[in-house]
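Since the structure is predicted, the reported quantities are computational estimates derived from the model, not experimental observations. The chains referred to below are lettered A, B, ... by the order of the sequence lines, with proteins before strands, and numbering in each begins at 1. Computed from heavy atoms alone, side chains included, the values below leave out hydrogens, waters and symmetry copies.
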There are 2 protein chains.
Amino acid sequence: MKKIPDMVIRRLSTYSRVLSDLMEKGIDLVSSDELGKLSGCNGTQVRKDLAYFGQFGTRGVGYRISELKSRITKILGMDGRWNVALIGIGNLGTALLSHEGFRRHKFDIIIGFDVDKSKVGKKFNGVEIKDMSELKRAISEKDIKMAIITVPVQSAQTVANILVDAGIKAILNFAPVNISISKDVFLKNVDLSLELEGLSFFLTHNEYQNNEFNGSYG
Amino acid sequence: MKKIPDMVIRRLSTYSRVLSDLMEKGIDLVSSDELGKLSGCNGTQVRKDLAYFGQFGTRGVGYRISELKSRITKILGMDGRWNVALIGIGNLGTALLSHEGFRRHKFDIIIGFDVDKSKVGKKFNGVEIKDMSELKRAISEKDIKMAIITVPVQSAQTVANILVDAGIKAILNFAPVNISISKDVFLKNVDLSLELEGLSFFLTHNEYQNNEFNGSYG
DNA sequence: GTATGTGAAGTAATTCACAGCT
DNA sequence: AGCTGTGAATTACTTCACATAC
C-alpha cells in the first residue's frame, strides 16, 4: 500500500481534534473547506489527506462529523488505549507523568523508571517508579509498546537500547541527540530548544517572512 | 531573498548540535558526508542546506568545525542570548522553567506569568511569577520578544492576543489548539499528544513502514 | 585524489480544476 | 446548486552527477 507522508498523519490528528470541538458544539456536518480552515490548512488538503484512506463524505453535503471522527480515530490506532512507560523522572519527566492531555488522548503512562534510588519505589502522580533493572520484565508483563525518554543526553542511547531489547516498538525521545535504532522500532524526537531556535532564526531574518509555518514538524 | 524551508532551519539546528559534540572531542575538520550521517541525513543535503546561506567549506578538504559552527550560530540568530517569558505555571510550565537545555542554548526564561494568585509573587527555579495584569509592562521593560504558552487550551487564544498586544514577536505554543495570530508574529506549536498519535498510527499500520521519520516536524 | 558547490534530474507534496454525485 | 473525490498541473524538496578547487 501507498506510503503515507508523516505530515498527513499529523494533519489527521489535528482534524480529529477539531472534529471533537465541533461535536461538543453540537454541530454534525462539516465541509472540507470549513474543516481545513479550522485546522490551519485548506479544503483540498483535507480531501487529499482523507483520500489516502478511502471515501468519507457525501458529495454536495460534506462530512458527518461523528462518523469522520470515529474513522480517523480508527486510522490513527486511537480506538482503545495505549500503555506507555516513561524513563527519566527529572523535571520534564515528572511533568509528563501528570500531563492531563495524554490521559485524555488515551495514552496511559502506567510506569516510570529512573536510576536515582531516591526516586525508585515512590509514586509520582500515582505512577510507580521502578529501577531500570526491572524494566525488561515490567515491559513484557504489562504489554507496553510505547516509551517516552526524558533522560539526559548521555544516557539516551543506552536507554533506547535497553528499551528495544525489552520489546518496545515506539519511542518518543526528548533528549536532544540522534538515537540510532533498529529499523522496526519507530522513533520520534521532540527537541524543545530546536523549536525555539527556529523562532530565533525567523525573528533574526525578518526578510524570510515565513509565518504559519507550524503544525508541523515536531 | 529566497524563502528558506522550515526543514532547512531544523537541520541547521541539528548540524550545530553535532558540531558542538565534535568540537568537544577535539576534532576540527568534518566532511559533509560525515556531518550528514551524524545528523541523520546525507552529505548532499548538508551542502544544499548550507548553500542557501553562502559557502562554508574548502573543496577537497571539508569544513573547519569551529568556523562552520559559529557561522550557523549566527545564521540561527543564536549569537547573544534571548529573553523569554513563560505563561502558565502548571506542570509543564514549571518543568520548562527549570529546563537546563534552554539555558545551555542561550534561551533565558526570565519571567513567568499565571492567573493563580497563589503562584504570583513566588519564585520557581529562580524565576519570579507575576500576575497577567503586569504582562504588558514587564515585556516591554525587559526587552522580551519570545514567549512560551503552557496554559490550558481554553485560555491559549486569549493569552496569545495579550502577548501580541504586549509586543511579543514569537510564540512557542504547547496548548493543543490552532491559535490565530497577526502575520508578523511567528508561531510554532508543539503538541505532545499529536506526537504520540503519530507513533500510534505507525504501530497500528506496520504496512506503511516509515521509520526514521523524525526530526522533524513539531 | 578528495570533497565542496551547484545546475540538472528526479521525487514528493500541494494546489488546481472539474467530473460526478446528492 | 453545492461539495466531494481525483487526475493533471504546479510547486517544493531531495538526490544525482560533475565541474571546480585544494
Side-chain angles (χ1 to χ4, degrees), chain A residues 1-12 14-15 19 22 27-65 67-68 71-72 75 208-210 212-217, chain B residues 1-12 14-15 19 22 27-65 67-68 71-72 75 198 208-210 212-218:
Chain A
M1 207 195 209
K2 205 128 131 248
K3 151 90 178 335
I4 316 287
D6 194 31
M7 280 305 287
V8 172
I9 306 307
R10 303 184 76 87
R11 284 191 300 261
L12 285 183
T14 306
Y15 304 155
L19 290 169
L22 293 173
I27 305 170
D28 45 36
L29 267 179
V30 70
S31 71
S32 57
D33 279 355
E34 282 162 40
L35 179 54
K37 183 176 277 180
L38 293 169
S39 305
C41 60
N42 57 54
T44 306
Q45 186 88 79
V46 170
R47 298 198 299 276
K48 266 286 197 263
D49 287 345
L50 295 177
Y52 279 98
F53 302 98
Q55 309 199 160
F56 297 78
T58 312
R59 293 173 194 218
V61 178
Y63 302 92
R64 291 238 340 277
I65 290 178
E67 189 203 333
L68 182 57
R71 288 186 62 186
I72 292 180
I75 289 167
Y208 317 105
Q209 207 79 341
N210 184 28
E212 310 277 308
F213 70 107
N214 143 46
S216 92
Y217 314 67
Chain B
M1 205 194 207
K2 203 129 126 252
K3 151 89 179 336
I4 315 288
D6 193 31
M7 279 306 287
V8 171
I9 305 308
R10 302 185 76 87
R11 285 192 299 261
L12 286 182
T14 305
Y15 304 154
L19 291 168
L22 292 172
I27 305 170
D28 45 38
L29 267 177
V30 70
S31 71
S32 58
D33 280 355
E34 284 161 38
L35 179 53
K37 183 176 279 183
L38 293 168
S39 305
C41 61
N42 57 54
T44 306
Q45 185 88 78
V46 170
R47 299 199 297 279
K48 264 288 196 264
D49 287 346
L50 295 176
Y52 279 97
F53 302 99
Q55 310 197 161
F56 297 78
T58 312
R59 290 171 195 220
V61 178
Y63 301 92
R64 290 237 341 275
I65 290 178
E67 189 204 333
L68 182 56
R71 289 186 62 188
I72 292 179
I75 289 166
Y208 320 105
Q209 206 78 343
N210 183 27
E212 312 274 310
F213 68 110
N214 142 51
S216 87
Y217 318 64

Can you measure [X] atom [atom1] to [N] atom [atom2] for me and round it to whole angstrom units?
| X | N | atom1 | atom2 | value |
| --- | --- | --- | --- | --- |
| B:Ile4 | D:dT14 | CD1 | P | 13 Å |
| A:Asp6 | D:dT14 | CG | P | 13 Å |
| B:Arg11 | D:dA12 | CZ | C1' | 12 Å |
| A:Tyr52 | D:dG5 | OH | P | 15 Å |
| B:Met7 | D:dT14 | CE | P | 6 Å |
| A:Phe53 | D:dG5 | CZ | P | 14 Å |
| B:Leu50 | D:dC13 | CG | P | 17 Å |
| A:Phe56 | D:dT6 | CZ | C1' | 15 Å |

Do you know the tightest heavy-atom contact between A:Leu19 and A:Ile65? O-CG2, 3.7 Å

For A:Ile9 and B:Gly198, work out which heavy atoms get closest and say how close.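 That would be CG2-CA, 4.0 Å.
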
A:Gln55 backbone acceptor or donor facing A:Arg71 side chain under 3.5 Å: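 Yes, because the side chain of A:Arg71 sits within donor-acceptor range (under 3.5 Å) of the backbone of A:Gln55.
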
N/O (side chain, B:Asn42) to phosphate O (OP1/OP2, D:dT15) under 4.0 Å: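 Indeed, a polar side-chain atom of B:Asn42 lies that close.
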
So, does A:Tyr63 get its side chain near the phosphate of D:dG2, meaning an N or O under 4.0 Å from OP1 or OP2?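 Negative; the distance criterion is not met.
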
I would like to know whether B:Gln45 and B:Val8 meet side-chain contact (heavy atoms from CB on, under 4.5 Å); could you show each step before the answer? CA-CA 9 Å; B:Gln45 185 88 78; B:Val8 171; over 6 Å; no

Go through the steps for B:Phe56 and B:Ser32 under the test side-chain contact (heavy atoms from CB on, under 4.5 Å), then give the verdict. CA-CA 11 Å; B:Phe56 297 78; B:Ser32 58; over 6 Å; no

Contact string for nucleotides 16-22 of chain D, one letter per nucleotide 5' to 3', B = base within protein heavy-atom range under 4.0 Å, S = sugar-phosphate only, - = neither, reads BB-BBBS

When the nearest nucleotide of DNA chain D is assigned to B:Val8 and to A:Asp33 on a heavy-atom basis, which residue is associated with the more 5' position?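 Checking each residue's closest nucleotide, the 5'-ward one belongs to A:Asp33.
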
Could you tell me whether the side chain of A:Phe53 reaches within less than 4.5 Å of the side chain of A:Leu12, counting heavy atoms only? yes

Side-chain contact test, heavy atoms from C-beta onward, threshold under 4.5 Å: evaluate it for B:Asp33 versus B:Arg47 and give yes or no. yes

Apply the test side-chain contact (heavy atoms from CB on, under 4.5 Å) to residues B:Leu50 and B:Tyr63: give CA-CA distance (whole Å), side-chain angles for both, the deciding distance (0.1 Å), then the verdict. CA-CA 11 Å; B:Leu50 295 176; B:Tyr63 301 92; 3.7 Å; yes

Leading and trailing nucleotides of DNA chain C with any atom under 4.0 Å from heavy atoms of chain A: C:dA13 to C:dT22

For B:Tyr15 and B:Asp49, what are the C-alpha separation, side-chain angles and deciding distance, and is it a side-chain contact (heavy atoms from CB on, under 4.5 Å)? CA-CA 10 Å; B:Tyr15 304 154; B:Asp49 287 346; 2.6 Å; yes

